[in-house]
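Some notes on the structure that comes next.
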Amino acid sequence: MKISMWTSFLYEWQPEAAISVLARHGFSAAELSTEHAQMLLDRGDAETEGLKFKKHCDALGFDIHQGHFYLYINLAVKEETDRIKVFDNM
């Protein structure tokens, strides 16, 4: 079992910085928060940004097991649900 933390506790930081802090404090896994997922999506292409974020996590030996993110999604709009599917491959 891996003890995990929700990244929202560090929501005011960029996602990479939040993961680095959690790793420095002994965590090896986290749940990606809505705030951090939105920051990644706001940067541009979801697949490109998701892969960059994954490389950062991998370099730290850090896992994102799940995401509690995109809480404001409109499930009736296909383009919105398509945006988050890239995170399924992380």
Side-chain angles (χ1 to χ4, degrees):
M1 178 175 75
K2 289 186 176 184
I3 296 177
S4 181
M5 177 65 69
W6 183 30
T7 65
S8 187
F9 286 108
L10 300 165
Y11 73 89
E12 68 277 3
W13 297 25
Q14 290 297 309
E16 296 83 358
I19 297 303
S20 295
V21 168
L22 291 172
R24 204 167 41 245
H25 286 90
F27 290 93
S28 61
E31 175 183 2
L32 190 66
S33 71
T34 293
E35 298 86 359
H36 286 133
Q38 189 63 55
M39 286 178 191
L40 293 171
L41 290 170
D42 287 346
R43 291 177 183 174
D45 179 66
E47 186 170 1
T48 301
E49 296 306 321
L51 288 172
K52 286 184 205 174
F53 183 65
K54 182 179 184 332
K55 285 181 183 178
H56 176 77
C57 292
D58 288 348
L60 295 171
F62 202 91
D63 294 319
I64 302 292
H65 292 293
Q66 64 185 29
H68 186 182
F69 60 91
Y70 220 36
L71 294 175
Y72 313 108
I73 190 170
N74 181 345
L75 292 173
V77 178
K78 184 180 183 315
E79 291 78 16
E80 288 198 34
T81 56
D82 286 348
R83 278 184 88 194
I84 65 171
K85 287 180 183 176
V86 68
F87 289 105
D88 187 43
N89 296 321
M90 288 185 68

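Computed from a predicted model, the values in this text were never measured in an experiment.
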### Task
Sort and list the pairs that fulfil salt bridge (Lys or Arg N to Asp or Glu O under 4.0 Å) and have at least one residue in residues 19-30, not counting sequence neighbours.
none
### Inter- and intrachain pairs under salt bridge (Lys or Arg N to Asp or Glu O under 4.0 Å), touching residues 5-18, at least two apart
E16-R43
Point-to-point distance, once rounded to the nearest 0.5 Å, from [atom1] of [X] to [atom2] of [Y]:
X: I64; Y: L32; atom1: CD1; atom2: CG; value: 5.5 Å
X: M39; Y: T34; atom1: CE; atom2: OG1; value: 11.0 Å
X: Q14; Y: L40; atom1: CD; atom2: CG; value: 8.5 Å
X: D42; Y: E49; atom1: CG; atom2: CD; value: 10.5 Å

### Task
Please identify each residue that fulfils side-chain hydrogen bond (donor to acceptor under 3.5 Å, both in side chains) with H56, with sequence neighbours left out.
S20
### Task
Please step through side-chain contact (heavy atoms from CB on, under 4.5 Å) for the pair F53 and I19, ending with a clear verdict.
CA-CA 10 Å; F53 183 65; I19 297 303; 3.7 Å; yes
### Side-chain donor/acceptor of H25 to backbone N/O of V21, under 3.5 Å
yes
### Summary
By side-chain contact (heavy atoms from CB on, under 4.5 Å), D63 pairs with (sequence neighbours left out) K2, A29, H65
### Message
If the condition is side-chain contact (heavy atoms from CB on, under 4.5 Å), which residues does A23 pass it with, not counting sequence neighbours?
### Response
L60, F62
#### Entry: Nearest non-hydrogen partners of L22 and A30, listed with the distance
CD1-CB, 4.1 Å
### Task
Pick out which of E35, E31, H36 makes a side-chain contact (heavy atoms from CB on, under 4.5 Å) with T7.
H36
